[in-house]
J.: 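Would you mind keeping the following structure in view while I ask a few things?
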Amino acid sequence: MTDTSCRVNPDANSRRRLWGDSGGYCGNPKCRVYLFPDDLDVDFAELAHIIPASPKGPRGVPLSDVSAETRAHHSNLILLCANCHTTIDKVPDPYPADILHDWKRQRVEEIQVAIATPEFQTRAEARAQIQGALDDNALLHARYGPVGDPYQQGDPILWLRHARSTIVPNNRRVLRILDANRHLLTLEEQQTLAIYRLHVEQFENRHVLDDFTTGTERFPEAIQNVFLDERMTGRI
């Protein structure tokens, strides 16, 4: 039997946030089925826990590691169709918590790019939106950043703190704006964007997940000049 003694039900705020983060589609990127058929008065959405509500559930961890309140928080919930919910819970090994968190992060970013990130008419407008984030990241890297292994050079404690609190969200903001405004990028800038995307993903793996196995693509310096050279591109 499943231990329900430690369960905390998600509150109304967590449920609203979950529905908003889902965009109305199954959170499995290989499924994406629409959860609200127009011709029916029901929905096919199921609230799924990433870390289960009970320590004995699939992907279970001791209550001492993750509190009951955290398990009920929207950050630990993902909206799935009934089929995908059943699959991840009945065969949990191919669907560890980090995979499900990645599904959730991807969906939120897709919505941000599609809806919450503006599309600009000029390169100058787009540049103005990323300038501050690029400047802040450059300053933090120059002051605290490593050359080589981040845990042996520079100021490792301050660097890790700033990397997680400022550089990671700044990277994601810049990436979203570049994706939403690809129509303003030159071919060379689009190639630089591909490298930058890889850098951003690997940077997060190292500094958030402490995973150094996925590569160490360095920051492409050409990103510092993206959207700047309008005279040569003919884009105004």
Side-chain angles (χ1 to χ4, degrees), residues 17 20-23 25 29 32 75 101-150 153-156 158-209 211-212 214-236:
R17 176 68 179 269
D21 286 348
S22 76
Y25 292 83
R32 297 177 180 268
S75 62
H101 278 299
D102 195 50
W103 286 4
K104 184 179 178 75
R105 177 185 60 77
Q106 288 180 39
R107 174 57 51 78
V108 171
E109 289 178 357
E110 288 168 352
I111 294 172
Q112 289 173 331
V113 169
I115 299 174
T117 304
E119 210 174 273
F120 299 105
Q121 298 298 313
T122 69
R123 287 166 59 86
E125 289 176 307
R127 178 67 193 192
Q129 292 295 312
I130 65 174
Q131 185 72 61
L134 290 175
D135 288 347
D136 288 348
N137 284 4
L139 175 64
L140 290 171
H141 188 274
R143 183 164 295 183
Y144 304 113
V147 178
D149 188 336
Q153 300 187 44
D155 189 324
L158 287 176
W159 169 246
L160 191 58
R161 181 184 303 166
H162 288 298
R164 290 176 173 174
S165 66
T166 302
I167 296 178
V168 165
N170 277 352
N171 280 343
R172 284 293 168 183
R173 172 174 171 75
V174 171
L175 198 57
R176 289 197 303 270
I177 292 173
L178 293 178
D179 279 335
N181 292 276
R182 290 180 67 93
H183 61 289
L184 297 174
L185 294 172
T186 66
L187 178 59
E188 183 177 357
E189 287 171 336
Q190 291 180 27
Q191 293 169 344
T192 300
L193 172 59
I195 300 172
Y196 179 61
R197 188 187 314 281
L198 184 59
H199 163 76
V200 168
E201 292 173 354
Q202 294 179 354
F203 186 93
E204 287 188 22
N205 288 339
R206 295 195 304 275
H207 294 84
V208 177
L209 302 177
D211 181 359
F212 288 80
T214 58
T216 55
E217 182 69 50
R218 299 190 65 82
F219 175 76
E221 293 296 333
I223 283 290
Q224 296 286 17
N225 298 317
V226 71
F227 291 135
L228 282 182
D229 191 358
E230 295 195 24
R231 289 177 299 177
M232 292 185 65
T233 63
R235 299 177 187 268
I236 300 175

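Keep in mind that the numbers below use all heavy atoms, side chains included, and drop hydrogens, waters and symmetry copies.
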J.: Look up atom CD in Q191 and atom CD1 in I195, then write down how far apart they are to the nearest 0.5 Å.
T.: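 If we round to the nearest 0.5 Å, Q191:CD and I195:CD1 are 8.0 Å apart.
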J.: Closer than 4.0 angstrom, basic N to acidic O: yes or no for R176 and D179?
T.: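 Salt bridge flag = no for D179 with R176.
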J.: Within the supplied structure, the quantity of interest is the number of heavy atoms (other residues, nucleotides, ligands) at a distance under 6.0 Å from R105 CZ; does it exceed 12?
T.: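 Counting other residues, nucleotides and ligands, CZ of R105 exceeds 12 neighbours.
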J.: Rounded at 0.5 Å granularity, tell me how far CG in L140 sits from CG in N170.
T.: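 Answer rounded to 0.5 Å: 8.0 Å.
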J.: Which value, rounded to the nearest 0.5 Å, describes the distance between I177 atom CD1 and I130 atom CD1?
T.: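 Result: 7.0 Å between the selected atoms.
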J.: Looking at CZ of R206 and CG of L160, how far apart are the two atoms once the value is rounded to the nearest 0.5 Å?
T.: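 The CZ atom of R206 sits 11.5 Å away from the CG atom of L160.
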J.: Regarding R172 and E109, does a basic nitrogen lie under 4.0 Å from an acidic carboxylate oxygen?
T.: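 Salt bridge between R172 and E109, a charged N being under 4.0 Å from a carboxylate O: yes.
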J.: Check the angle between the aromatic planes of F219 and H199 and answer parallel, tilted or perpendicular using the 30° and 60° thresholds.
T.: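 Perpendicular, since the angle between the ring planes exceeds 60°.
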J.: Any side-chain donor-acceptor pair under 3.5 Å between H207 and W159?
T.: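 Yes.
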J.: Would you check if F203 and T216 make a side-chain contact, meaning some heavy-atom pair closer than 4.5 Å?
T.: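 Side-chain contact under 4.5 Å: no.
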J.: Taking atom CD of E188 as the centre, report whether more than 12 heavy atoms of other residues, nucleotides or ligands fall under 6.0 Å from it.
T.: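 No - once you tally the heavy atoms of other residues, nucleotides and ligands closer than 6.0 Å, there are 12 at most.
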J.: Which residue is it: R123, R127, R182? I am looking for the one with a salt bridge (charged side-chain N to carboxylate O under 4.0 Å, His left out) to E189.
T.: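 That would be R123.
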J.: Does a side chain donor of either N205 or E201 reach within less than 3.5 Å of an acceptor in the other side chain?
T.: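 Judged by distance alone, the side chains do not pair up.
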J.: Side chains of E125 and T122: donor-acceptor distance under 3.5 Å anywhere?
T.: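 The answer is yes; a qualifying pair exists.
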